[in-house]
Amino acid sequence: MPFGASLHAGAGARFRLWAPARDRAELEFVRPVAGAPPAADGSLEVIARIPMSRSPDGWHGADVPDAAAGSLYRYRLDDGLAVPDPASRFNPLDAHGPSELIDPLEHRWADAGWTGRPWHEAVVYEMHVGTFTPTGTFEAARQRLADLADLGITAVELMPVAEFPGARNWGYDGVLPYAPDASYGRPGNLKRFVESAHALGLMVLLDVVYNHFGPDGNYLHAYAPQFFDTARRTPWGAAIDFDGPSSATVRDYFVHNALYWVGEYGFDGLRIDAVHAIRDRSSPDIVESIARALRDGPGRERFVHIVLENDRNEARYLGRDPGDPDSARPRQADAQWNDDIHHALHVLLTGESDGYYADYADAPVERLGRALAQGFVYQGDASRFRGGARRGEPSAHLPPSAFVAFLQSHDQVGNRAFGERLDAVADAALMPAALACVLLGPQVPMLFMGEEYAASTPFLFFCDFGPELAAAVRDGRREEFGRFEAFRDRAAREAIPDPNALGTFAASRLRWDERDASPHRERLALVRRLLQLRRALMPRLARIRNGGRWAASDAALQVRWQIADGSSEVLVLHANFGAQPVEARTGANAAIAYSHGATRSGAPGFWSLARGGVLLALEKGDG
């Protein structure tokens with residue numbers, strides 16, 4: 001790895017810092033003051049200070065023959081500012097503190113035979129480590145992995161774990177992208193988590209943030225301002241400069257980060273956050289470069305998957321290799337989170353139409369049909385929410401596995417003012433049909449942690465910033481909700497939980513004892529049944545190579561997907577999201593794979609679907 005600190009094969013270590021805006025930098029080794037509480041400030045004493053040599057391209061380096069794993073170090077800039085290693089493998093005293101020299105080979109892996117799983121087998125479970133268990137650590141989460149495997153989960157997706165300031169955060173405020181956050185455990189704990197998941201047949205994906213750094217603890221501005229383009233903005237400040245004069249080093253920093261997590265930690269893939277907020281005019285752009293590095297590197301020896309979040313609905317990232325006989329091998333990304341399917345289902349289940357839901361409120365069943373059949377609802381269509389601007393690219397040619405379908409995610413729950421989960425606001429009678437659409441449809445399904453048993457705990461927005469920034473975040477969040485009718489009154493806004501309060505974080509922890517009580521027990525049984533059926537259907541789902549067809553009438557929906565195996569089989573989904581029963585027809589000899597709220601009506605092939613009813617069938621023929 002060209003960045004950071006690397007132990008030599010024999011003894012000692014090499015240290016490298018890219019600080020092009022600084023003429024001089026020193027390497028400091030520090031240790032905690034005896035008897036002082038752990039902290040990142042005056043409780044540390046300097047035990048050695050070593051000048052670093054500077055190259056013309058801004059690299060500062062030092063070789064230290066007696067450096068050893070476990071040493072604490074930091075860099076002292078020429079104005080006296082002490083900063084952690086921006087490629088720190090671990091920062092035990094939080095984001096502002098010194099970095100620890102880590103031996104990446106210390107962990108002895110026991111999963112040498114693991115080569116991963118193909119993407120079409122993925123059933124994803126999104127997890128926030130800090131609130132998944134009462135203690136919120138990698139080790140505590142590891143001990144729950146068997147429950148997920150038993151349920152039918154095949155891939156765990158961790159929300160970002162890179163070092164963030166304080167003891168609690170969603171992870172999207174990370175400032176040291178190479179360091180697992182110390183509040184969750186040490187690097188070895190994360191490696192054991194991945195290793196144990198593999199032993200259970202679970203893939204592990206990591207959410208990474210390559211569009212910005214967090215607002216507290218990022219020191220790159222002080223010595224490498226070339227990382228940023230102040231002329232281009234993102235919702236979080238200056239854009240990362242992926243195409244400027246010094247962008248080769250900036251791009252390497254993120255490409256190597258992707259390779260690091262997959263190579264050094266054994267992750268089976270990455271979910272790249274908010275691709276739409278990356279400003280890059282290069283060709284190939286940074287997303288394409290990362291995909292190429294992973295495919296040409298570890299992806300040659302095992303399955304490595306890339307999932308995007310991209311509000312622009314750019315199908316070009318999801319194209320398949322035309323030379324692949326199954327048309328399933330991705331050229332770049334395996335899949336994208338399908339916000340469209342979420343939004344259409346959310347409108348149907350809740351009746352909400354504020355904000356971006358306005359784009360789905362006029363014909364939610366029709367919108368859902370297109371999302372299930374073709375992936376994107378907006379494929380170049382005009383968006384009312386965006387003032388008539390067109391959004392998206394055609395996606396019907398893509399296989400369903402190019403999309404991740406979900407009813408809930410950290411974004412859609414946590415960005416509500418009170419963090420309510422879907423079951424708290426949805427029509428309960430429609431939930432079984434919605435779950436069947438997601439868990440039995442051919443798109444890759446995802447559950448947000450706790451969704452499998454309809455957890456009653458909210459998932460709130462939380463953080464742990466210093467007083468000034470904490471107040472700004474609290475007030476800014478409350479003012480942001482002021483544009484909604486329910487929060488026009490100041491008293492209503494002040495009732496929104498303070499993100500920085502410890503109680504906000506504590507309220508978001510899952511309560512595992514709920515799984516054994518009604519109605520959570522019944523939801524868990526339903527999800528288990530649906531995932532068991534999905535496993536049985538998997539060979540057929542994997543052979544659906546492109547988009548399907550749909551028909552919507554008021555609240556009734558039918559979607560058909562052709563199974564491309566020469567058998568002329570068609571997977572057909574019928575669902576009723578209306579108040580009155582509707583009729584559904586199947587072929588006379590159709591094999592019924594699943595039904596809920598469906599009863600036979602008259603002649604063979606005629607069914608009556610009650611409110612929230614759903615029917616999944618396998619038919620012969622093309623229509």
Any luck finding a side-chain donor-acceptor pair between [X] and [Y] under 3.5 Å?
{"X": "Tyr125", "Y": "Glu452", "answer": "yes"}
{"X": "Asp111", "Y": "His198", "answer": "yes"}
{"X": "Ser183", "Y": "Arg168", "answer": "no"}

Can the ring centres of [X] and [Y] be said to be less than 6.0 Å apart?
{"X": "His410", "Y": "Trp170", "answer": "yes"}
{"X": "Tyr223", "Y": "Tyr75", "answer": "no"}
{"X": "Phe406", "Y": "Phe448", "answer": "no"}

Those residues that, when tested against [X], pass side-chain contact (heavy atoms from CB on, under 4.5 Å) (two or more places apart):
{"X": "Ser246", "answer": "Trp18, Gln226"}
{"X": "Tyr265", "answer": "Pro180, Pro187, Leu190, Lys191, Tyr260, Trp261, Phe267"}
{"X": "Pro134", "answer": "none"}

Any side-chain hydrogen bond (donor to acceptor under 3.5 Å, both in side chains) involving residues 25-34? Give me the pairs, sequence neighbours left out, ordered by first then second residue.
Glu28-Arg49, Glu28-Arg74, Glu28-Arg76, Arg31-Glu45

Identify, with sequence neighbours excluded, every residue that meets side chain to side chain donor-acceptor pair (under 3.5 Å) alongside [X].
{"X": "Arg281", "answer": "Asp243"}
{"X": "Asp252", "answer": "none"}
{"X": "Ser53", "answer": "none"}

Applying side chain to side chain donor-acceptor pair (under 3.5 Å) between Tyr317 and each of Asp285, Asn310, Asp334, report the one that passes.
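Among Asp285, Asn310, Asp334, the one meeting side chain to side chain donor-acceptor pair (under 3.5 Å) with Tyr317 is Asp285.
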
What distance separates [X] [atom1] from [Y] [atom2], expressed to the nearest 0.5 Å?
{"X": "Asp241", "Y": "Thr230", "atom1": "CG", "atom2": "OG1", "value": "9.0 Å"}
{"X": "Thr504", "Y": "Ile496", "atom1": "OG1", "atom2": "CD1", "value": "11.5 Å"}
{"X": "Leu205", "Y": "Leu158", "atom1": "CG", "atom2": "CG", "value": "8.5 Å"}
{"X": "Asp79", "Y": "Arg24", "atom1": "CG", "atom2": "CZ", "value": "10.0 Å"}
{"X": "Arg54", "Y": "Asp23", "atom1": "CZ", "atom2": "CG", "value": "6.0 Å"}
{"X": "Tyr172", "Y": "Asp411", "atom1": "OH", "atom2": "CG", "value": "6.5 Å"}

Under 6.0 Å from the six-membered ring centre of Trp114 and within 45° of its axis: does the NZ or CZ of Arg302 meet both?
no

Taking the cut-offs as 6.0 angstrom to the six-membered ring centre and 45 degrees off its axis, would you call Arg144 and Trp512 a cation-pi pair?
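The answer is yes; both the distance and angle limits are met.
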
Can Tyr453 and Asp516 be said to form a side-chain hydrogen bond (donor to acceptor under 3.5 Å, both in side chains), step by step?
CA-CA 9 Å; Tyr453 60 91; Asp516 299 321; over 6 Å; no

Could you tabulate the donor-acceptor pairs under 3.5 Å formed by side-chain atoms of residues 86-93, not counting sequence neighbours?
residue : atom : partner : partner atom : Å
Ser88   : OG   : Phe90   : N            : 3.0
Ser88   : OG   : Phe90   : O            : 2.8
Ser88   : OG   : Asn91   : OD1          : 2.7
Ser88   : OG   : Ser99   : OG           : 3.3
Arg89   : NE   : Glu264  : OE2          : 2.8
Arg89   : NH1  : Ala5    : O            : 3.0
Arg89   : NH2  : Glu264  : OE1          : 3.0
Asn91   : OD1  : Ser99   : OG           : 2.8
Asn91   : ND2  : Asp94   : O            : 3.0
Asn91   : ND2  : Gly97   : O            : 3.0

Does [Y] offer a backbone N or O that forms a donor-acceptor pair with the side chain of [X] under 3.5 Å?
{"X": "Asp103", "Y": "Ala69", "value": "no"}
{"X": "Asn257", "Y": "Pro177", "value": "yes"}
{"X": "Glu309", "Y": "Asp273", "value": "no"}
{"X": "Trp119", "Y": "Val444", "value": "no"}
{"X": "Asn169", "Y": "Phe164", "value": "no"}
{"X": "His221", "Y": "Phe227", "value": "no"}

Does anything in residues 496-514 form a salt bridge (Lys or Arg N to Asp or Glu O under 4.0 Å)? List the pairs, not counting sequence neighbours.
Arg511-Asp513, Arg511-Glu514

Side-chain donor-acceptor pairs under 3.5 Å in residues 459-472, sequence neighbours left out?
residue : atom : partner : partner atom : Å
Asp464  : OD2  : Ala167  : N            : 2.7

Quiz: residues 60-67 side-chain donor-acceptor pairs under 3.5 angstrom, not counting sequence neighbours:
residue : atom : partner : partner atom : Å
His60   : NE2  : Ala19   : O            : 3.2
His60   : NE2  : Arg22   : O            : 3.2
Asp63   : OD1  : His8    : NE2          : 2.7

Contacts table for residues 213-220: side-chain donor-acceptor under 3.5 angstrom, sequence neighbours left out:
residue : atom : partner : partner atom : Å
Asp216  : OD1  : His96   : NE2          : 3.0
Asn218  : OD1  : Leu220  : N            : 3.1
Tyr219  : OH   : His96   : ND1          : 2.6

